[in-house]
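Since the structure comes first, as structure tokens, the remarks are kept for the end.
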There are 2 protein chains.
Amino acid sequence: MDQERLTLDSHLCFSLYACSRAIFRMYRPLLDELNLTYPQYLVLLVLWDRQESSIKELSHLLTLDSGTLTPMLKRMESSGLLVRSRSVDDERIVTVQITDKGRELQSRAECIPASLIESSGLELQQLGALNETIRTLMDSVENHR
Amino acid sequence: MDQERLTLDSHLCFSLYACSRAIFRMYRPLLDELNLTYPQYLVLLVLWDRQESSIKELSHLLTLDSGTLTPMLKRMESSGLLVRSRSVDDERIVTVQITDKGRELQSRAECIPASLIESSGLELQQLGALNETIRTLMDSVENHR
DNA sequence: CGATTTTATATTTCAAGCAACATAATTGCA
DNA sequence: TGCAATTATGTTGCTTGAAATATAAAATCG
């Protein structure tokens, strides 16, 4: 770390941004086989875990707003991965349910996190520790002031 | 880390992605004062360090391709932060030079990395270690296979 | 009960990212 | 030398992200 010459490489923000995109690039060929984009894969991670969700909940879990989610979920609906419907109780709420077609992708997607584990060159325990550190940092950044 | 129930939170790729965006959000009001977007700020980090660069070099340093850089650099040129010109030696090469206006932003931007350091709740030494870990992970991911 | 506020989602607009393709300059080699 | 391959950048089309704004349903309160 060079204190005098503050290069790109010494900026944690850039490392996080660049590393995140490097993982996207590694995932892309795997996701292409499933006809998914990376954010769509994240939505499915949620739905594989809990069958259904609302836009509000997805927005909170993924920290994406409706301007991102609404068109993305419409695309996913049109490719048959999920169904969107207004809640009967409260018509403001849009419920998103995974379909059989969406559920079928779960087993085919298992290789995706596995590929990161493999290519990382790190042990599971180290990856878990790194994950914890990053989540703690994210919480600090979000809750600051 | 739940092995049975592989939730979003346990995915390192998501933590990196979400943390990166959390930092963008924290930086946004600071960058707004400079009329910069985050990727534009990254370009300036390079140019503050080395006065000029080429699209090829910026592409390599930032891992962004010409489809992203060309329009972004044109916007930065039209806001007076830099000048683009074809190299005389090799007309394929576009050289990007920082202007006085671009250079003036350097001191005003010092608060930006400082704000991350402050809000992170971590010591400089820990941040440096985390940066190193992430860069190593990125290298592994990029060089795998 | 009716007006106001809040909540949930949608729309619009702009700026990335990136793949695929296009173009023009330069290199290299038969 | 001449032409094919390579290199550097640009363009197009599609998908995020996110702010600002709009809309409609539900909750709240006098």
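None of the values given here were measured: they were computed from a predicted structure. Basis for what follows: all heavy atoms, side chains included, without hydrogens, waters or symmetry-related copies. Sequence lines set the chain letters: A, B, ... in the order given, protein chains first and strands last, and positions in each chain run from 1.
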Whole-Å gap separating [atom2] ([N]) and [atom1] ([X]):
X	N	atom1	atom2	value
L58(B)	dG17(C)	CG	P	14 Å
R21(B)	dA15(C)	CZ	C1'	16 Å
L73(A)	dT11(C)	CG	P	13 Å
F24(A)	dT15(D)	CZ	C1'	12 Å
L31(A)	dT15(D)	CG	P	15 Å
D32(B)	dA19(D)	CG	P	9 Å
E77(B)	dG10(D)	CD	C1'	14 Å

By nearest-nucleotide position on DNA chain C, the 5'-leaning member of P39(B) and R86(A) is R86(A)

Toward the 5' end of DNA chain C, by each residue's nearest nucleotide, V88(B) or K74(A): K74(A)

Scan residues 64-72 of chain B against DNA chain C and write down, sorted by residue number, each residue with any heavy atom closer than 4.0 Å; if none is found, say none. L64(B), D65(B), G67(B), T68(B), M72(B)

Taking OP1 and OP2 of dG17(D), is either one under 4.0 Å from a side-chain nitrogen or oxygen of Y17(B)? yes

Whether R75(A) contacts dC14(D) is assessed here as follows: a side-chain N or O lying under 4.0 Å from the phosphate OP1 or OP2. Is that the case? no

Name the closest nucleotide to the [X] side chain, picking from [options].
X	options	value
Q40(B)	dA16(C), dA10(C), dG17(C)	dA16(C)
I55(B)	dT26(C), dG10(D), dG17(D)	dG10(D)
R25(B)	dA18(D), dT9(D), dT9(C)	dA18(D)
R84(B)	dG10(D), dC18(C), dA10(C)	dG10(D)
R28(A)	dC18(C), dA8(D), dT16(D)	dC18(C)
V94(B)	dT9(D), dA25(D), dA10(C)	dT9(D)

Are any side-chain N or O atoms of S79(B) and backbone N or O atoms of M76(B), one a donor and one an acceptor, separated by less than 3.5 Å? yes

Any sub-3.5 Å donor-acceptor pair from S10(A)'s side-chain atoms to T7(A)'s backbone N or O? yes

Is L130(B) close to L130(A) at the side-chain level, that is, under 4.5 Å between some pair of heavy atoms? yes

Indicate yes or no: at least one non-hydrogen side-chain atom of H144(B) is less than 4.5 angstrom from one of S140(B). no

Rounded to the nearest 0.5 Å, what's the gap from CE on M72(B) to OG on S66(B)? Could you check? 12.0 Å

Spatial distance of atom CG (N131(B)) from atom NE2 (H11(A)) [nearest 0.5 Å]: 9.5 Å

At under 4.0 Å between heavy atoms, what does D89(A) touch on the DNA or RNA strands: base, sugar-phosphate, or nothing? sugar-phosphate

Can you give each donor-acceptor pair under 3.5 Å made by side-chain atoms of residues 28-46 of chain B, sequence neighbours left out, with the distance rounded to 0.1 Å?
| from | atom 1 | to | atom 2 | distance (Å) |
| --- | --- | --- | --- | --- |
| T37(B) | OG1 | Q40(B) | N | 3.3 |
| Y38(B) | OH | C13(A) | O | 3.4 |
| Q40(B) | OE1 | T37(B) | N | 3.4 |

Transitively linked via ILVMFWY side-chain contacts under 4.5 Å: L127(A) with L16(B)? yes

How do T63(A) and E91(A) order along DNA chain D: which one's closest nucleotide is nearer the 5' end? T63(A)

